[in-house]
Amino acid sequence: MVCHNHNNTVIEGLSHTIYLVGSPNVGKSVVFSKLTGHHVISANYSGTTIDIMSGKLRLGAETWQVIDLPGIYSLDANSEAESVTARALTNDGLIICVLDASHLSRDLQLAFDIQKYQKPIIYLLNLVDVAKRQGITIEEEKLSRLLGAPVIPTVATKNIGIEEIKKTIPHLSYETSQKDKKLGDQSDQTIDDMIQEVENYTPHTPAYLDRVGDLLIKPFPGLIIAVFILLIALAIVVGGGKGLRTLILLPIINDWIIPFITNIVDLVVDQGVIHRLLVGEFGILVKGIEWPFALIFPYVLLFYFVLSFLEDSGYLPRLAILVEGILNKIGLPGQNIVPFIMGYGCAVPAILGTRAATSYKQRLIVTSLISIGVPCTAQTGAFIALLGDQSMLALGFVFGLSILVICIAGSLLNHIIPGDKEPVIIEVPPLLLPDRSAIFKKIAFRLKHFLVEAEIPMMLGILLAALIVETGLINWLGHALEPVIVHWLGLPKEASLTLILGIIRRELAVMPLLDMQLTTLQLITGAVVALFYIPCLSVFIVIVKEFRLKIASYLLIGTTLFAIFIGGLVHQIGQWLP
Amino acid sequence: MKLLNCKRGKSFRIINLPYDQTLGIFSITSGSIIKVLAKQPFKGPVLLQINRRKVAIGYDIAKQIMVEEVVSFGLS
Ligand SMILES: Nc1nc2c(ncn2[C@@H]2O[C@H](COP(=O)(O)OP(=O)(O)OP(=O)(O)O)[C@@H](O)[C@H]2O)c(=O)[nH]1
Ligand SMILES: [Mg+2]
């Protein structure tokens with residue numbers, strides 16, 4: 001494995017190490033992916049990279065280790081990201097400092113400050129296409145003289161300048177950069193003077209994208225457009241997912257693949273326990289294919305398509321600014337809408353993503369809300385499979401309830417957890433037209449991740465279900481949980497299975513209900529329990545790592561009790577309704 | 001006058017602001033010239049333009065910022 005995550009451990013100081021340093025959102029991760037050929041997630045807002053990533057770059061006979069760091073505004077080690085960077089830079093190596101050509105005045109101070117590490121430096125002047133669009137050109141020779149180091153103009157997404165970087169790296173040594181350094185003394189000139197010298201700005205009517213970018217962020221028409229974008233996103237994921245599922249995937253899987261597998265198993269294995277484990281009620285070869293691929297995959301695919309597009313366009317921070325006030329009113333941490341939206345994909349990257357900009361209190365609130373009431377795409381797919389065909393109203397009810405609970409829990413947590421309100425300062429990135437191949441790569445990356453992360457636990461979960469049913473443990477379990485499952489929730493005894501499987505993955509708390517011939521009220525009750533029930537095992541592990549076991553345990557117990565309480569309420573109230 | 005009472009589209013000079021490290025990074029400092037681009041509803045953030053950068057700052061900070069109008073010479 002070439003590319004791995006260092007998890008804050010100090011990197012051993014190979015002399016052949018290259019550090020990518022720069023302000024947030026200047027394109028470091030894109031440069032990393034282009035240099036190493038290894039995809040890391042990049043997105044058009046600050047704080048995408050939250051951990052150190054490393055990969056290899058082969059240049060002739062030599063291999064360099066390339067390290068992608070979180071973006072920083074200064075070297076003061078004030079934030080988590082800044083101390084991670086400061087720690088990494090104590091090791092030997094050379095620095096590639098990425099500057100934003102359209103915001104040079106912001107980045108120049110950092111460009112000088114980074115020289116205190118006394119390492120060879122290459123400066124990249126990235127995003128020159130965006131700068132040009134805004135009427136800005138930079139004279140890179142002059143800049144190079146001021147900085148006393150090579151400056152390479154790049155458009156990382158379009159591969160422009162990447163070869164030049166590879167050519168420059170081997171020639172760079174500490175001596176050469178020191179020799180030039182006598183020119184690169186900042187002391188007698190202010191940053192403003194230098195900008196005057198190297199930057200040419202021709203004001204012109206803003207480009208089309210910049211005009212749209214400005215409109216999107218005005219309350220009018222921004223808020224109306226936001227509603228539209230949300231509706232379109234929903235239509236793509238829910239409508240498109242249903243189409244993919246019923247028109248393409250279900251027929252292929254149920255009419256071709258599963259009968260094919262069943263026939264083979266029939267030939268090879270005699271009727272009996274093994275046969276039932278493979279292709280019976282919870283056969284891993286049946287449910288292990290049908291559930292993930294036919295029922296869940298379409299939603300995961302489409303959700304990540306929409307999310308990747310929104311991320312790369314630069315719309316998400318605009319949305320955060322637009323709705324911060326409103327969300328704050330109803331108790332939600334509005335400036336953290338990005339990890340929140342990511343939570344509808346998968347809670348794991350969302351919770352890790354809260355590291356980026358927020359205070360401990362904010363992180364804890366967002367993490368709790370995601371754990372309590374935000375279904376991941378896999379679970380959403382399961383809900384749609386369970387409820388969507390029976391009654392769209394029921395589906396709407398479950399999602400409405402989820403939003404209501406999130407708002408109430410948000411307000412409560414905001415009052416309970418000590419800590420001040422965090423100051424909101426959000427930089428607006430330029431609106432970009434997402435690059436088609438970049439989006440494609442990103443979706444492929446996430447799908448691969450989903451298949452690896454989800455398929456194995458799902459198979460294990462299904463195997464566990466089959467074992468519980470086959471060994472008769474289900475009767476014992478049903479009996480033990482009868483007061484809760486049958487009396488309080490009004491579900492059949494076998495539904496106790498969902499509480500066990502739901503520990504492994506969120507959607508497994510829903511899937512077993514599919515074949516139980518439940519009434520609509522029972523379906524809704526089951527869905528509500530699954531929705532608020534504990535987040536999956538991987539989320540629990542992430543919460544333990546990011547916070548403490550104590551907090552993770554609170555969440556575990558809290559969500560379990562809450563899920564059963566609310567589920568019971570729904571059942572008890574539902575019984576009295578016509 | 002208060003930043004919150006500023007008209008959109010005009011330029012103002014900051015004369016007083018609360019201390020916050022991040023503001024400095026975005027060159028929102030005493031003396032810098034800013035333009036108010038938009039104010040979000042429900043006490044949402046105020047969108048400022050400083051040089052050519054656009055930064056939204058939360059209501060709680062914005063309400064503490066005092067500014068004065070920049071008198072622009074030339075045709076008005
Ligand atoms: N048009 C254009 N877009 C670019 C260029 N370089 C990067 N981008 C886009 O800019 C955005 C930010 O890129 P990232 O690589 O995530 O930035 P980063 O520096 O790693 O950001 P953090 O990890 O948040 O510090 C992404 O949407 C990229 O697709 C470029 O040269 N031109
Ligand atoms: Mg990055």
Side-chain angles (χ1 to χ4, degrees), chain A residues 23-24 46 72-74 76 78-79 82 100 102-107 109-110 131 134-136 191-192 195 199 201 203 206 210 213-220 222-223 314 317-318 320-330 334-335 357 420-431, chain B residues 2-11 13-14 16-67 70 72-76:
Chain A
S23 300
S46 302
I72 50 170
Y73 285 117
S74 72
D76 300 339
N78 287 315
S79 68
E82 284 164 13
D100 178 347
S102 64
H103 283 327
L104 197 59
S105 56
R106 170 194 69 183
D107 287 354
Q109 189 61 51
L110 182 70
Q134 296 173 351
I136 302 165
I191 296 284
D192 284 345
I195 295 292
E199 187 180 277
Y201 175 51
D210 289 322
D214 287 347
L215 277 186
L216 288 177
I217 204 169
K218 299 236 158 79
F220 178 83
L223 281 169
R318 289 180 164 77
I321 293 167
L322 272 180
V323 300
E324 197 266 343
I326 301 170
L327 291 194
N328 238 319
K329 278 263 136 49
I330 52 176
Q335 75 270 41
D420 291 332
K421 191 172 174 292
E422 181 186 7
V424 177
I425 301 176
I426 306 170
E427 186 171 16
V428 184
L431 204 64
Chain B
K2 285 186 173 177
L3 176 70
L4 284 178
N5 300 334
C6 286
K7 259 224 172 106
R8 274 184 290 136
K10 277 195 176 162
S11 292
R13 181 183 294 110
I14 295 181
N16 200 355
L17 77 172
Y19 175 74
D20 186 297
Q21 200 156 29
T22 358
L23 288 177
I25 290 163
F26 292 104
S27 36
I28 303 174
T29 48
S30 183
S32 32
I33 310 280
I34 53 143
K35 211 156 128 185
V36 178
L37 294 182
K39 292 180 217 166
Q40 306 301 340
F42 298 100
K43 301 197 174 171
V46 178
L47 185 66
L48 302 180
Q49 175 161 346
I50 314 108
N51 299 321
R52 285 184 304 272
R53 264 170 114 168
K54 289 171 193 136
V55 180
I57 54 176
Y59 185 88
D60 291 335
I61 308 177
K63 73 177 178 208
Q64 298 176 58
I65 298 181
M66 303 299 285
V67 295
V70 177
S72 55
F73 301 96
L75 305 172
S76 59

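Residue numbering restarts at 1 for every chain, and letters A, B, ... go by the order of the sequence lines. Since this is a predicted model, take the numbers as computed values, not measurements.
- Across every non-hydrogen atom of A:E199 and B:R52, the tightest pair is OE2-NH2, 2.7 Å.
- Chain A forms the most heavy-atom pairs under 4.5 Å with one residue out of B:G58, B:P18, B:A62, B:A56, and that residue is B:A56.
- The two residues A:G325 and B:P45 have their closest heavy-atom pair at N-CD, 4.2 Å.
- Open room surrounds CZ on B:R8; 12 or fewer heavy atoms of other groups in view lie less than 6.0 Å from it.
- With a threshold of 4.5 angstrom between heavy atoms, B:T22 approaches chain A through its backbone and through its side chain.
- Residues passing the salt bridge (charged side-chain N to carboxylate O under 4.0 Å, His left out) test with A:E427, sequence neighbours excluded: A:R106, B:R53.
- Between B:L23 and A:P423, every side-chain heavy-atom pair lies at or beyond the 4.5 Å cut-off.
- Contact of B:F26 with chain A is made through the side chain alone, with heavy-atom distances under 4.5 Å.
- For the atom pair A:K218 NZ and B:K39 NZ, the distance stands at 13.0 Å (nearest 0.5 Å).
- Put simply, the side chain of B:K54 does not reach to within 4.5 Å of the side chain of A:I217, judged on heavy atoms.
- For A:F220, no part lies under 4.5 angstrom from a heavy atom of chain B.
- Comparing A:I326, A:V323, A:L327 by heavy-atom pairs within less than 4.5 Å of chain B, the highest count is held by A:I326.
- Between B:D20 and A:I425, some side-chain heavy-atom pair lies under the 4.5 Å cut-off.
- The candidate with the highest count of non-hydrogen atom pairs below 4.5 Å against chain A, out of B:N51, B:I28, B:L47, is B:L47.
- For A:I136, the part lying near chain B is the side chain, with the backbone staying farther off; criterion is any non-hydrogen pair under 4.5 Å.
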